[in-house]
Structures are given as structure tokens and as C-alpha cells.
Amino acid sequence: MLYGALEAGGTKMVLAVGDENGKILEQISIPTVSPEVTMPEIINWFKDKDIAALGIAAFGPIDLDRNSETYGSFTTTPKLKWANYNIVKAMKDALHIPVGFDTDVNGSLLGEVTYGQAKGLSDAVYITIGTGIGGGVMSNGKLVHGMLHPELGHMKMIPYPGDTYKGHCPYHCNCIEGMAAGPAIEERWGKKAIELKDDEKVWDMEAYYIAQAITNIILIMSPQIIILGGGVMHQEQLFPLIRSKVKELLNDYIKTSEIQDIDNYIVPASLNDDQGIMGCIKLAIDEKALEG
Ligand code: ADP
Ligand code: ZN
């Protein structure tokens, strides 16, 4: 049986067809313009693919409450052309198949938990550090939604000593997204993150903010693994810095085997940047099982 996958990002849409093992058979990506321009292209591509169900992992905030009239919509997204647009309804109306839906980061987490390094774990967190910062959370084997969905990227930060940067988030200034996402690095230092590769201070500060967020997440959610993805995490020197700062912040308060073996606890994504699209396949499989 074939399944469709749609990773809806703010800059691009990734469309794929895969099988129940998460194997991707065909994939394209198109720019995210507006519902009027982009949706007909997406529908056209999936129309003849003979897929049994579709899984969508989308940028947010989105309405994931199945009892809500607006279930399946983007809500207060700053990408204004998409605000209040119901992408699930649009795809269901066009394709007449079950459509699974979750956040982009829950999608990536689901990919890692189903097909990647977090297979078999019941409690896991996936954080992306890119244009924005977001986190997907699985607790007791279930992706966490709650009243909306976790918004880890907006937790408040204690500033790095001497960091006077006011922060990039229009809502909270110095939340982690405001202090540590790609655009914050670029605005603070006046250069693109990738051009700052050799500047130790930049990455020490970056690791400080990420470690602070991770420490809070460990204390609140007690995950069995923390997976870091997104463009900024291509700076691999961040990993040892983050791990040692997390240890420092925990200050030996938590002494599990996972924390002792922190190199295998705070880890890069394992699926070659396909974790999101593979997670969409699993969303499709689960929705098919649910709706029959
Ligand atoms: P998005 O978050 O838009 O889906 P990415 O995860 O690729 O996309 O994140 C883009 C951000 O990551 C940009 O701010 C960019 O400057 C930064 N970035 C991309 N590649 C690198 C890299 N190799 N090193 C550091 N920063 C990077
Ligand atoms: Zn914020």
C-alpha cells in the first residue's frame, strides 16, 4: 500500500510517496507561496498517486483538536496568507482519503521514533534550530498536543553573561527562538550563521541558550532521548558544547544512565533530513488505521 507525505514548511512544501516501511519512492519540493497558488499544485501531484492516506506535518500554530470546527487549520501563523486556512479539509475534499495531521516537529519526532534512532522509546523530544525553533514531544508513547501543542521554542531565556542583544521574537524578545534561531544569530553578529563557523564565542553562546532549554525540558518531561535538527545544528561543534553545558546546569542532580552517557542522549537527527517526511508517512498509516 502507498502513502502520501506532505511536509508543509514556511518556505517549501515537500511532497512524497512512500510505503509502510517509511521507504520514500518519489519526492519533490515546491515553494510555499499562498493557498491559491500552492494547493492546486499539491493536489495535482498527489491526484494520480494511488495513495491510501496522506500525512501532513505543518508549520504552526495549527489546530489539532479533532473536536474543533477548525481542526486541520493554520491558526495565528505569522505567515499571513495561510492564517485560518484549513489544509486538512482541502486535501480530504480533493483526494477523499484519510488525512493525518500534526506539527512539523512532531512529524520529525514521529519519523525518528518509528524509523530512526528513537525506535522503541516512549518518551522523546525533537528540537529544530533553524529559521525558528520548535520542539515535538512524545510522552508515554503519544505525541503531546494538550490544549494546542508544545511551543518549546518560546521558553524564556536567562541571557548569556554580557549578551546585550534584545532578541528577535516579536512576542517575547528573549525567548530561545528570539536569542538562538538562525535569524537571531545573523542579526546579533551581523553575518550569516554559516559564515561564523570559526568564531568560538558565537557557538559558546549558542550552546548556552540551547543547553538552558534542554535542561528545562529534561526536568519537566524526563525524555529518554533529545534529538536536535535544523540548519543551525549543522554546526556539529555545538553538540559537545551543549552536552557539557547541560551537565553543568544539571549539576549532578539527575544521575540516570542516559545522562551518564550523554553523547547518546543529546544527538543529531538520524534519518538524513528525511525524518520529517518519514514521520508524515507514519501519520498517514496511523490515520488510515484509525479511519479504516
Ligand atoms: P527552516 O527552519 O526554514 O525549515 P533550516 O532548518 O535549514 O530551515 O534553517 C535555516 C536557518 O539555519 C537559517 O537561519 C540559516 O542561516 C541557518 N543555517 C542553515 N545552514 C546552516 C549551517 N550549515 N550552519 C549554520 N547555520 C545554518
Ligand atoms: Zn518567542
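For ligands, and for the atoms within them, numbers begin at 1 and follow the listed sequence.
In terms of N/O distances under 3.5 Å, ligand 1 is approached by T131. Remark: ligand 1 and Q235 share an N or O pair separated by less than 3.5 Å (distance only, no angle test). Backbone and side-chain nitrogen or oxygen atoms of G231 are examined, and one is located within less than 3.5 angstrom of a nitrogen or oxygen of ligand 1.
The number of heavy-atom neighbours closer than 6.0 Å to CG of L290, taken from other residues, nucleotides and ligands shown, is above 12. The number of heavy atoms from other shown groups lying within 6.0 Å of CG (N272) does not exceed 12.
With hydrophobic clusters built from ILVMFWY side chains whose heavy atoms lie under 4.5 angstrom apart, V125 does not share a cluster with L110.
In this structure the side chain of M233 reaches within 4.5 angstrom of the side chain of I242, judged on heavy atoms.
Every atom of ligand 1 with a heavy atom of G230 under 4.0 Å away is listed here by number and element: 6 (O).
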Verify salt bridge (charged side-chain N to carboxylate O under 4.0 Å, His left out) between K81 and E36, making sure each step is shown before the conclusion.
-> CA-CA 9 Å; K81 287 177 180 157; E36 295 71 30; over 6 Å; no
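The Zn ion (ligand 2) has an N, O or S atom of C169 inside 2.8 Å of it.
In this structure, the protein non-hydrogen atom closest to atom 15 (C) of ligand 1 is G182 CA, 4.9 Å. Among all non-hydrogen protein atoms, the one lying nearest atom 9 (O) of ligand 1 is G130 CA, 3.2 Å. In terms of protein heavy atoms, atom 17 (C) of ligand 1 is closest to V232 CG2, 4.0 Å. Protein heavy atom closest to atom 16 (O) of ligand 1, with residue, atom name and distance, is A193 CB, 4.3 Å.
Within H172, the N/O/S atom positioned nearest the Zn ion (ligand 2) carries the name ND1.
To the nearest 0.5 Å, atoms CD1 (I176) and OH (Y209) are separated by 9.5 Å.
In this structure a side-chain-to-backbone donor-acceptor pair under 3.5 Å is present from N106 to V137.
Angle SG(C175) to the Zn ion (ligand 2) to ND1(H154), rounded to 10°: 110°.
The aromatic rings of F74 and F59 lie parallel to each other, their planes meeting at an angle below 30°, with 60° marking the opposite boundary.
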